[in-house]
Amino acid sequence: MLAVCGIVKKNGRVLMCKRPAGGPFPGYWELPTESLEGDETLEDALERVFFERLTVNLWQVQPLGAVDCGLFKGDVNDDNVRLLGYEVELEKNFFHIYGYDDFRWVKVSNLKKMRVLEPCVTMLTKKL
């Protein structure tokens, strides 16, 4: 599976979003992330996650790199993921969430206190 995530920094913290109930990995935290659909470009998928789930437009986007890892449910590796990370600046600082249950600005050092999806932890600890 190919997915993109946006790393938004503010005052030494990064934006983390809580996955909604009823979907995969409910209650886990992640960077704003979206899987690619069909022949969608990386940039279009990134714009989609921010516009559809957070109702905000992107101002600037800078590629950071990729992380390959698996997503785990219990002891089973369900899917291999290539997560492509982008540093993102938003057009505005205020947004509404529609595709997530919650959001927080978190210090990277505090991620271990949260249930965060492993690809996001790896992206943050290797790229920041």
Side-chain angles (χ1 to χ4, degrees):
M1 177 172 73
L2 188 59
V4 294
C5 69
I7 298 173
V8 183
K9 299 179 203 173
K10 179 179 172 181
N11 299 326
R13 299 169 188 263
V14 294
L15 176 65
M16 298 298 292
C17 299
K18 188 176 184 182
R19 294 181 63 91
F25 305 100
Y28 276 81
W29 292 86
E30 69 179 1
L31 297 162
T33 302
E34 189 63 67
S35 299
L36 270 69
E37 295 179 353
D39 61 352
E40 184 176 44
T41 67
L42 299 170
E43 291 80 11
D44 286 345
L46 191 63
E47 286 179 12
R48 184 164 48 87
V49 70
F50 280 93
F51 184 74
E52 291 180 4
R53 295 186 183 189
L54 301 170
T55 65
V56 67
N57 291 316
L58 305 179
W59 179 255
Q60 292 185 0
V61 175
Q62 178 70 37
L64 291 175
V67 171
D68 293 317
C69 51
L71 289 178
F72 294 88
K73 290 183 182 175
D75 293 331
V76 179
N77 184 349
D78 283 350
D79 208 354
N80 289 319
V81 176
R82 171 163 274 197
L83 182 64
L84 297 127
Y86 289 82
E87 187 170 344
V88 171
E89 288 185 40
L90 306 177
E91 271 190 5
K92 58 183 180 176
N93 288 325
F94 179 78
F95 47 85
H96 299 280
I97 58 171
Y98 290 105
Y100 290 108
D101 280 351
D102 198 3
F103 74 92
R104 290 184 188 162
W105 294 97
V106 180
K107 291 182 180 180
V108 174
S109 61
N110 290 338
L111 290 176
K112 60 187 170 197
K113 298 176 185 175
M114 303 169 67
R115 288 179 19 172
V116 180
L117 289 176
E118 184 56 37
C120 296
V121 173
T122 303
M123 178 65 68
L124 287 168
T125 55
K126 290 191 177 202
K127 301 299 177 190
L128 293 181

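In this text the structure is predicted, and so the values were computed from the model without any measurement.
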- Kindly determine whether Cys120 and Thr33 satisfy side chain to side chain contact (heavy atoms under 4.5 Å, CB included), including the steps that lead there. CA-CA 9 Å; Cys120 296; Thr33 302; 4.2 Å; yes
- Message: Assigning hydrophobic clusters by single linkage (Ile, Leu, Val, Met, Phe, Trp, Tyr; side-chain heavy-atom cutoff under 4.5 Å), is Phe51 placed with Leu36?
- Response: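 Cluster IDs for Phe51 and Leu36 differ.
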- Message: Do Trp105 and Tyr100 land in one hydrophobic cluster if side-chain heavy atoms of ILVMFWY residues count as linked below 4.5 Å?
- Response: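 They do share one cluster, since a chain of ILVMFWY contacts under 4.5 Å joins Trp105 to Tyr100.
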Gap between atom [atom2] of [Y] and atom [atom1] of [X] - 0.5 Å precision:
| X | Y | atom1 | atom2 | result |
| --- | --- | --- | --- | --- |
| Met16 | Asp102 | CE | CG | 12.0 Å |
| Glu118 | Met123 | CD | CE | 11.5 Å |
| Glu87 | Gln62 | CD | CD | 7.0 Å |
| Leu46 | Cys5 | CG | SG | 8.0 Å |
| Arg104 | Asn110 | CZ | CG | 10.5 Å |

- Message: Please determine whether side chain to side chain contact (heavy atoms under 4.5 Å, CB included) holds for the pair Val106 and Leu111, giving the CA-CA distance in whole Å, both sets of side-chain angles, and the decisive distance to 0.1 Å.
- Response: CA-CA 7 Å; Val106 180; Leu111 290 176; 4.0 Å; yes
- Query: Do other residues, nucleotides or ligands put more than 12 heavy atoms under 6.0 Å from Arg82 CZ?
  - Reply: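 Atom CZ in Arg82 is not crowded, with 12 or fewer foreign heavy atoms closer than 6.0 Å.
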Measure the shortest side-chain to side-chain distance between [X] and [Y] over non-hydrogen atoms and say whether it is less than 4.5 angstrom.
| X | Y | value |
| --- | --- | --- |
| Ile97 | Lys18 | no |
| Asn57 | Leu90 | no |
| Pro32 | Leu15 | yes |
| Tyr86 | Glu43 | yes |
| Phe50 | Thr55 | no |

- So, Arg48 and Glu40, do they make that salt bridge, N to O below 4.0 Å?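 Result for this pair is yes, salt bridge flagged.
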- Query: Under the side chain to side chain contact (heavy atoms under 4.5 Å, CB included) criterion, do Leu64 and Ile7 qualify, and how do the steps go?
  - Reply: CA-CA 9 Å; Leu64 291 175; Ile7 298 173; 3.6 Å; yes
- Task: Under the ring-ring contact (aromatic ring centres under 6.0 Å, His included) rule, collect the residues that match up with Phe103, sequence neighbours excluded.
- Result: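 Phe103: ring-ring contact (aromatic ring centres under 6.0 Å, His included) contacts with Phe95.
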- Task: Decide side chain to side chain contact (heavy atoms under 4.5 Å, CB included) for Val116 and Tyr28; before the verdict, give the C-alpha distance in whole Å, the side-chain angles of both, and the deciding distance to 0.1 Å.
- Result: CA-CA 5 Å; Val116 180; Tyr28 276 81; over 6 Å; no
- Message: Can you give me the closest heavy-atom contact between Val4 and Leu83, atom names plus distance?
- Response: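 Closest approach of Val4 to Leu83: C-CD1, 4.0 Å.
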- Taking the six-membered ring of Tyr98 (Phe, Tyr or Trp), confirm whether the NZ or CZ of Arg53 is under 6.0 Å from its centre and within 45° of its axis.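 Judged by the rule (NZ or CZ under 6.0 Å from the ring centre, within 45° of its axis), Arg53 is not positioned above Tyr98.
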